[in-house]
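Excluded from the calculations below are hydrogen atoms, water molecules and symmetry mates; all remaining heavy atoms, backbone and side chain alike, are included.
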Amino acid sequence: MRLMRGVAGDGNKYWAADTNGNGDTEISSYVLLTLLSDQTTSQTVIEEVSPVVNWIIKRQRPQGGFHSPQSTAVALQALTIYTKATYTDNPDVTVSLRSLSGFNRQFHVDKKNGLLTQRETLPDIPGEYTLVATGTGCAFIQTHLKYHTPLAKSDTFFALTASTNPSVCTSESKKEFDVVIEASYSGERTVTNEVILEVQLLSGFFPIKKSLRKLKANPIVEKTEVGSDKVTIYLEKLTHEAESFRFTIYQDLHVKNLQAAKVKIYDAYAPDEQAFADYNSPCHTENGKDT
């Protein structure tokens, strides 16, 4: 495997293991660890590795992790070593944030608040902002942009179906039936990271806990959690082979005009890799009336 170093237009530095030059967070983090391996780190080394640090933190997700568990572990270790190398006894950093519309906010980082997270909501989206840092020390600045789009069913990353058993209305299924989820990975990798399966409960329905315990018979099921309106199933991994998960719910409260419940599956370390499905009671349209 041949390592390649790429230098982006903004001066960031990274390493890659493919001929396309695509940066690799894990490899770049290992290189950063190597460069910072000496007991004492000179200012020259700090200046040399800072562009690598800049490139790595730009790959960090809003939840704090990176693309995979392994890259998360190595990257956080490398960033911790960098933080120690740039540590000062009395940091005194002022970060000024300004926009063209007149917005002005200052953040001050010193020994007393160095471990606290300071936040500010940006008023203009889209907008152009300028950051200026002055003083002595090291401060970590990160921006996150969130936006909402309609949920779309997609099999790009996961194949997901949700159904009930029985699928037709019977005297028994008016009050109790199984929710059956089938899922498999359909992305480019051989296997996923940890996967989270969230099954929303129908209004007025609750899960039977004994049936949830039976899910643990599947070796990839790590644990289950029951919330006020959903059941969450944590999976060690998924492959391209379909897996089936089943548990029983019962009706405790009659609800008119019963609406379908959503099922969501996503990669714990790459939450944008997701898919959706839905299900409803097999008796929700019986005689034109909801049960």
Side-chain angles (χ1 to χ4, degrees), residues 149-187 190-268 270-291:
T149 56
L151 299 179
K153 296 180 180 180
S154 171
D155 58 0
T156 302
F157 301 107
F158 295 97
L160 179 68
T161 62
S163 60
T164 63
N165 186 35
S167 59
V168 296
C169 187
T170 66
S171 57
E172 292 80 11
S173 65
K174 288 182 178 180
K175 288 291 185 180
E176 182 179 305
F177 53 86
D178 288 350
V179 178
V180 183
I181 310 296
E182 289 195 358
S184 62
Y185 178 59
S186 53
T190 304
V191 64
T192 65
N193 303 307
E194 181 186 42
V195 169
I196 299 177
L197 181 61
E198 296 178 350
V199 184
Q200 187 181 56
L201 296 172
L202 293 167
S203 298
F205 282 80
F206 295 89
I208 295 179
K209 292 185 178 180
K210 183 179 179 180
S211 68
L212 292 177
R213 288 194 290 268
K214 291 182 179 180
L215 288 171
K216 293 299 294 289
N218 189 323
I220 69 170
V221 175
E222 296 179 326
K223 65 176 180 177
T224 61
E225 291 179 352
V226 180
S228 59
D229 61 350
K230 68 180 178 181
V231 171
T232 304
I233 305 171
Y234 295 85
L235 308 177
E236 178 188 0
K237 61 184 178 181
L238 273 181
T239 66
H240 296 282
E241 182 177 346
E243 297 279 356
S244 181
F245 310 96
R246 173 191 300 243
F247 61 91
T248 306
I249 62 175
Y250 69 95
Q251 187 180 50
D252 185 63
L253 178 67
H254 175 73
V255 176
K256 293 183 178 180
N257 191 28
L258 192 63
Q259 300 298 305
K262 182 181 71 176
V263 179
K264 177 182 178 181
I265 191 170
Y266 59 96
D267 189 307
D272 290 340
E273 297 185 5
Q274 57 187 354
F276 302 90
D278 56 45
Y279 72 95
N280 208 334
S281 164
C283 298
H284 75 284
T285 58
E286 184 195 32
N287 297 327
K289 296 173 61 178
D290 296 309
T291 61

Closest non-hydrogen atom pair between [X] and [Y], with its separation:
X: L202; Y: S281; value: CD1-N, 3.6 Å
X: N280; Y: H284; value: ND2-CD2, 3.4 Å
X: A183; Y: L160; value: CB-CD1, 4.0 Å
X: P166; Y: F177; value: CD-CB, 4.3 Å
X: K223; Y: E225; value: NZ-OE2, 3.4 Å
X: L215; Y: R246; value: CD2-O, 3.4 Å

query = Can you list the steps and then say if F157 with D272 is a side chain to side chain contact (heavy atoms under 4.5 Å, CB included)?
reply = CA-CA 9 Å; F157 301 107; D272 290 340; over 6 Å; no
Report yes if the side chains of [X] and [Y] come closer than 4.5 Å at any heavy-atom pair, otherwise no.
X: E243; Y: L235; answer: no
X: H240; Y: S184; answer: no
X: E176; Y: T248; answer: yes
X: F245; Y: V221; answer: yes
X: F276; Y: K264; answer: yes

Could you state the interatomic distance from [atom1] ([X]) to [atom2] ([Y]), rounded to the nearest 0.5 Å?
X: D267; Y: T192; atom1: CG; atom2: OG1; value: 6.0 Å
X: I265; Y: E198; atom1: CD1; atom2: CD; value: 10.5 Å
X: D252; Y: K175; atom1: CG; atom2: NZ; value: 8.5 Å
X: Q274; Y: T156; atom1: CD; atom2: OG1; value: 10.5 Å
X: I233; Y: L212; atom1: CD1; atom2: CG; value: 7.5 Å
X: I196; Y: E222; atom1: CD1; atom2: CD; value: 9.5 Å

ask   = Got a sec, which residues hit side chain to side chain contact (heavy atoms under 4.5 Å, CB included) with Q200, two or more places apart in sequence or on another chain?
value =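 Q200 satisfies side chain to side chain contact (heavy atoms under 4.5 Å, CB included) with A261, K262 only.
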task = Applying side chain to side chain contact (heavy atoms under 4.5 Å, CB included), name anything that partners S163, two or more places apart in sequence or on another chain.
result =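 Expected list: V180.
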message = Go through it in stages, so that I can follow the logic: the residues are V199 and V263, the test is side chain to side chain contact (heavy atoms under 4.5 Å, CB included), and I'd like the CA-CA distance, side-chain angles, deciding distance and then a yes or no.
response = CA-CA 5 Å; V199 184; V263 179; 4.1 Å; yes
ask   = Should the ring pair Y185 and F158 be called parallel, tilted or perpendicular, given that the plane angle runs from 0 to 90° and is split at 30 and 60?
value =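 Taking F158 first and then Y185, their aromatic rings stand perpendicular (interplane angle over 60°).
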query = Between T164 and D178, is there a donor-acceptor pair closer than 3.5 Å when you use the side chain of the first and the backbone of the second?
reply =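 Such a contact is absent between T164 side chain and D178 backbone.
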